[in-house]
Amino acid sequence: MTSSYPPAPDWSGAVTALRQAESVLLIAHVLPDADALGSSLALGMALRSLGKDVTVSVGDPGFTVPDSLNFLPGLDLVVPPEDVVIPDLVVVCDTSSPERLGVLAESVSAAPISVAIDHHPTFNGFGTIHVIDPESPATAALVLKLIDMLDVPLNREIASAIYAGLATDTGSFKFQSTTSETLRTAARLFDAGIPHSELARKLFDDEPFAALKVLGIALSRAVLVQGAVAGRGLVYTTVGCDDRGELPELAMERVIESIRRTHEAEVAAVFKQSDTGVWKGSLRSKTDINVGEIARSLGGGGHKFAAGYTGTTDVDQMVIDLIDALDRAAGA
Ligand code: AMP
Ligand code: MN
Ligand code: MN
């Protein structure tokens, strides 16, 4: 990194804070993915083994663990945000800004010390101690380093939660962020006895039939805008509340994985309507378009090749604004 922001990870500050705290609340970002929740649970289990009073929560009102992540170990640590008590220390995992903490955003400022552990280049500096490394393929990899520094042995449960985050955020070790060190980390997790094949199936190859039917609807209405991104192509689709019926918002997270396979498009977008009616955009790029910067310009954030934002208009206007932003980024 040539830029001086984010600052170098404060490993020793974080380890000292974790050792000293008697009660710790770990928070993952709203609509948590396997990296956010897996990282929180892994560190939560490690801290519990050190005798600390640990809870894990997510700031979606009334949060309960989604079916798609209900196989993760350590879920007995999870409490709904309404039951959160301000602890000695708050640890925030995989979250680039306080808005992504939902109803728990205030808990971070209410705690005397707060550690942010994250790998988003768009991290905006909240919390008192920062362990931020945009080069890290997943927050889970940073959490494993902290667990090692705390001298907590890597058991099968902790390793499984770390694997969930690492495998998800690297797209099964396929994305550019995967390095030989990532694979050595994965080898350590295998050596700890994780059920890797079962975990991978549950993470990537297991969806309710109803979600596949919605995927079919989304794919059939996908649009290829060949002239967008200065001629390099945008493919997008939409999933409204009416399309998904009883299915939760999180059941739509995988639609982007199918859409982004489009050969003719450098950028893929899925617009998903949340339960409140607001539309959210998920963006993916393939080579050199930085969708993290584009999402940031549209009020969200993320990584170079994977990013997201929440819209402030109807979905038709969001498509127009996205095409404008992409053309500008591509120098059209
Ligand atoms: P998604 O498309 O929802 O899987 O998100 C892709 C990446 O963008 C993830 O790393 C998210 O953390 C990030 N991201 C998604 N939505 C937002 C948002 N509203 N604000 C900031 N970052 C976001
Ligand atoms: Mn995440
Ligand atoms: Mn992540």
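Numbers here simply count residues along the sequence, with the first being 1. Excluded from the calculations below are hydrogen atoms, water molecules and symmetry mates; all remaining heavy atoms, backbone and side chain alike, are included. Just follow the structure's listing: the first ligand is 1, and inside any ligand the first atom is 1.
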If you take the nearest heavy atom of each of [options], which one is closest to [atom]?
atom                    : options                : value
atom 23 (C) of ligand 1 : Gly300, Gly311, Gly301 : Gly301
atom 11 (C) of ligand 1 : His119, Arg100, Lys272 : Arg100
atom 1 (P) of ligand 1  : Gly281, Gly308, Ser282 : Ser282

Qualifying residue for side chain to side chain contact (heavy atoms under 4.5 Å, CB included) with Ile147, from Leu142, Val152, Leu154: Val152
Matching residue for Leu89 among Val115, Leu25, Thr128 - test: side chain to side chain contact (heavy atoms under 4.5 Å, CB included): Val115
Under 4.0 Å from a heavy atom of [X]: which atoms of ligand 1 are those, numbered in the order shown and with their elements?
X      : result
His303 : 10 (O)
Ala306 : 6 (C), 7 (C), 8 (O)
Gly302 : 8 (O), 13 (C), 22 (N)

Under a 3.5 Å cutoff, is there a donor and acceptor pairing between the side chains of [X] and [Y]?
X      : Y      : value
Thr139 : Asp94  : yes
Glu264 : Thr262 : no
Arg232 : Thr287 : yes
Thr182 : Thr185 : no

Per-residue contact class, Lys280 against ligand 1 - non-hydrogen pairs under 4.0 Å: neither
Heavy atom of Thr310, distance to ligand 1 below 4.0 Å: yes
Heavy-atom gap Arg296 to ligand 1 smaller than 4.0 Å: no
Contact (N/O only, under 3.5 Å) between His120 and ligand 1: yes
Polar proximity ligand 1 side, Asp94 side, N/O cut 3.5 Å exclusive: no
Atom 4 (O) of ligand 1 [closest protein heavy-atom partner, distance rounded to 0.1 Å]: Arg284 NH2, 3.0 Å
Name, closest N/O/S atom of His29 to the Mn ion (ligand 2): NE2
Taking [X] first and then [Y], would you say they form a salt bridge - that is, a charged N and a carboxylate O separated by under 4.0 Å?
X      : Y      : value
Asp191 : Arg156 : no
Asp206 : Arg254 : no
Glu253 : Lys272 : yes

Nearest non-hydrogen partners of Thr238 and Asp243, listed with the distance: O-OD2, 4.1 Å
Closest heavy-atom pair and its distance - Pro195, Ser160: CD-OG, 3.6 Å
Test ring-ring contact (aromatic ring centres under 6.0 Å, His included) applied to His120 and His303, His29, His130, the passing residue: His303
2.8 Å shell around the Mn ion (ligand 3), exclusive bound, protein N/O/S atoms: 4
